Number of protein chains: 2
Amino acid sequence: MATIKDVAKLAGVSPATVSRVLSSTVVVSPKTKTRIEKAIAELDFRPNAHARALVSKSTHTIGVVISQLADPFFAQMASSIEDVAKKRKFQVLVSTGSLDAQKELTAIKSLQAQRCEAMVVNSKALADDVLIDLAQRIPGFVLINKFIPQISQRCVWFDNVAGGKVMADYMASLGHANIVVLSTKERVYDATHRLNGIRQSLSQHNINLPDQHIAYGSPDYAGGREAIEHLIEQGITFTAVLCYNDAMATGVISALTDLGRRIPDDVSIVGFDDVLLAKYCMPKLTTVKYPIDIMARKATELALSLIAKDRPLNQSDKDYQYKPFLVKRESAAKC
Amino acid sequence: MATIKDVAKLAGVSPATVSRVLSSTVVVSPKTKTRIEKAIAELDFRPNAHARALVSKSTHTIGVVISQLADPFFAQMASSIEDVAKKRKFQVLVSTGSLDAQKELTAIKSLQAQRCEAMVVNSKALADDVLIDLAQRIPGFVLINKFIPQISQRCVWFDNVAGGKVMADYMASLGHANIVVLSTKERVYDATHRLNGIRQSLSQHNINLPDQHIAYGSPDYAGGREAIEHLIEQGITFTAVLCYNDAMATGVISALTDLGRRIPDDVSIVGFDDVLLAKYCMPKLTTVKYPIDIMARKATELALSLIAKDRPLNQSDKDYQYKPFLVKRESAAKC
DNA sequence: ATTTCATCGTCAATGCTTTTCCCTGTGCCT
DNA sequence: AGGCACAGGGAAAAGCATTGACGATGAAAT
């Protein structure tokens, strides 16, 4: 690929002048300018981003860490981030952490090596003190899925406990008393939070939730099937199922339909996240909204404003907490 | 962020020695090695990828161009690419083109500026001659969704015409004669190819497909709903619906169910792509498999082997064409 | 005591662009 | 005509890591 020197030679000027045309900070005579532009086009020249980064000490790059690209929830998140970044002329660098602390750290380190200026991180596995340390080291570091008091200004987060409550409150309001919960066996804190919220709500409503009524599966369709089948095998009866996420809920719908149970007539089901899936499946899923698109946008803007000298942090925003709300569709009904 | 000089100073050695430790090409005594490693850890030093890229003339980066990250189909694609790339220690740089020729070109140019060595491109809008030009300019350039004779060795592609045939053949074999087709109004060539395949098949089976039986919508749930509703408003009757993709098919399922029609008893529906959605929805979608994960893997390996001097291209592979096949589930039945 | 490695420092060059400083030439004013 | 201002553009340094050649140092071996 051609360099700026090649362009300069072809246009009969010095590299400095070519650079001036590229950045258009200084006035260059129209004649030479068009001559240079013609040379650029002819050689198909693109300024080397690495050389630029080196000298300007800025890369205009935002790094994103998510668990997996293929998951619709994270895909949506990455997409929203890219959208905001693009408007600010930032490149997006995506790295996946796959629920593993070591891999998450590797992903972050790799983004650091690329000298990302901003970073939006969804960390499922890293310990809080590691994250605090990273936040203090990296100016544009923002967490998108958890709240850590010491770095509260860098946390855009979702109230999972309230989410659990919303699910359980709704089921209670519909008159359900035989409730089972499908959580995930992945050791992620949000599952615990949601479960805590469910427990709080149910005890307020004087509804019993024995441990045998909680099953654990992988956070996807298959995991939902297996978990609900496991409960049925155990001889447990229920009229309502609270799921860790929408994908598991679709697994439950499928398994129960196969067994001839009607939804929501025989069994009510509530999902979590409100990914596209929830609208598409049959019956349409009643679920808890996790406004990941808005949150991702906010997190990106926060990260970018953290590194912008001219645009200072809006100090009135002490907190970037987002609350869940129920999206009523067709999978839950009165008992 | 600390530089290699800072590390050298702290460890009491020269920058060259630090570099030797980092690349581990030359023997360094264990004592100094640990001293340097300690300094690296203490300063949290990460070699500047840009400086490295500049001197080594290699970035170990693969660029990906897709229409939208949020689409499950593309998310799956990006995920598979990342998987293969990671194993080869390649960074992935994702850029979106949003079905727009200008934006696709901008995305590619931006990846070029980053000096991506390999590139996997899903181009929906760029003209063939532009793509040919790019392929000749960029050594590791691979197209993943279309076949262009002049650069056949760089094309990993899917036979959309055959895909259209598969759908129509199946419906014909089930005895359907009143068939409608839902295509996309986006001007993408694959929609045309699928439609051509459908037409070929139906004329072979002596089934008529008048133009009024073809509706066009956006390639998603809402588009599917609108398109089928439009046909019904026109007073067109049918027993089978052939959809451009799975998302549209779910829209059709939803719309028809709302109207009290049973699937597949009253109407048979076939989707396209076999994204996760197809398994999750109710009834489960009969659809045409587009093996995007395998294709993405292949495309990535192809791109990487194109730029690897040691691993020459397997010349026996003249062609990287992938064929569709039918995945029979529950949304289609005998007429 | 001398040779011989192993180990590491020094120096320079390389890669590409940006930016500061400085020089040239032209046109204008008095 | 002389002087000045200013536009336009060149030269060179800086930014960071790698690599090769070559030299220096020290310790171990003969």
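Computed over heavy atoms, backbone and side chain alike; hydrogens, waters and symmetry mates excluded. In what follows, every chain begins at residue 1, and chains take the letters A, B, ... in the order their sequences are listed. This is a predicted model, so every value here is computed, not measured.
B:Val27 comes within 4.0 angstrom of the backbone, heavy atoms only, and of no base. Nucleic acid contact for A:Thr25: none, since no nucleic acid atom lies under 4.0 Å from a heavy atom of the residue. Residue-level contact check: B:Val28 touches the backbone only, with heavy atoms under 4.0 Å from sugar-phosphate atoms and none from bases. Within 4.0 Å (heavy atoms only), B:Ser14 reaches at least one base atom of the nucleic acid. Backbone-only contact: A:Val13 has heavy atoms under 4.0 Å from sugar-phosphate atoms and none from a base. When heavy atoms are screened at a 4.0 angstrom cut-off, A:Ser19 is found touching base atoms of the nucleic acid. Nucleic acid contact class of A:Thr32 (heavy atoms, under 4.0 Å, all strands): sugar-phosphate only.
Toward the 5' end of DNA chain C, the nearer of the two residues A:Asn48 and B:Val55, judged by each one's closest nucleotide, is B:Val55. Nearest-nucleotide positions on DNA chain C for B:Gly12 and A:Phe45 put B:Gly12 closer to the 5' end.
Following rounding to the nearest Å, A:Arg20 (CZ) and C:dC21 (C1') show an atom-to-atom distance of 11 Å. Atom CD1 in A:Ile40 sits about 13 Å away from atom C1' in C:dT17, given to the nearest Å. Taking atom CZ of B:Arg46 as the reference point, atom C1' of D:dC16 lies 16 Å away to the nearest angstrom. Between B:Arg115 atom CZ and C:dT14 atom C1' the separation is 16 Å, expressed in whole Å. Look at CZ on A:Arg35: it is 11 Å from C1' on D:dG9, rounded to the nearest Å. Spacing between atom NE2 of A:His60 and atom P of C:dT18 amounts to 13 Å, rounded to whole angstrom units. Put simply, NZ on B:Lys31 is 9 Å from P on D:dA27, counting in whole angstrom units. For the pair B:Leu54 CG and C:dC16 C1', the computed distance is 5 Å after rounding to whole Å.
For the ring-ring contact (aromatic ring centres under 6.0 Å, His included) test with A:Tyr290, the passing option among A:Phe158, A:Phe74, A:Trp157 is A:Phe158; the others fail.
Note that OG1 of B:Thr3 and CZ of B:Arg46 are 14.0 Å apart. Values are rounded to the nearest 0.5 Å. In this structure, A:Ile138 CD1 and A:Glu117 CD are separated by 12.5 Å, a value rounded to the nearest 0.5 Å. In this structure, CG in A:Asp293 is found 11.5 Å from CD1 in A:Ile81, a value given to the nearest 0.5 Å. Separation of atoms CD (A:Gln91) and OG (B:Ser110) is listed at 3.5 Å; rounding is to 0.5 Å.
In this model, the phosphate group of D:dG9 is not approached by any side-chain N or O of A:Thr17 to a distance below 4.0 Å at OP1 or OP2. Between C:dT18 and A:Arg52, a contact under 4.0 Å exists linking OP1 or OP2 to a side-chain N or O. Look at A:Ser29 and you'll find a side-chain N or O under 4.0 angstrom from OP1 or OP2 of D:dG9.
Looking at the side chain of B:Ser23, the nearest of the listed nucleotides C:dT17, D:dC16, D:dT19 is D:dT19. When the nucleotides D:dG15, D:dG9, D:dT19 are ranked by their closest atom to the side chain of A:Lys57, D:dG15 comes out on top. Proximity note for A:Ala16 (side chain, C-beta onward) versus D:dG10, D:dT18, D:dG15: the nearest is D:dG10.
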**Message:** Is there a salt bridge (Lys or Arg N to Asp or Glu O under 4.0 Å) between B:Lys124 and B:Asp190? Walk through the geometry before answering.
**Reply:** CA-CA 9 Å; B:Lys124 294 275 193 188; B:Asp190 51 2; 2.9 Å; yes
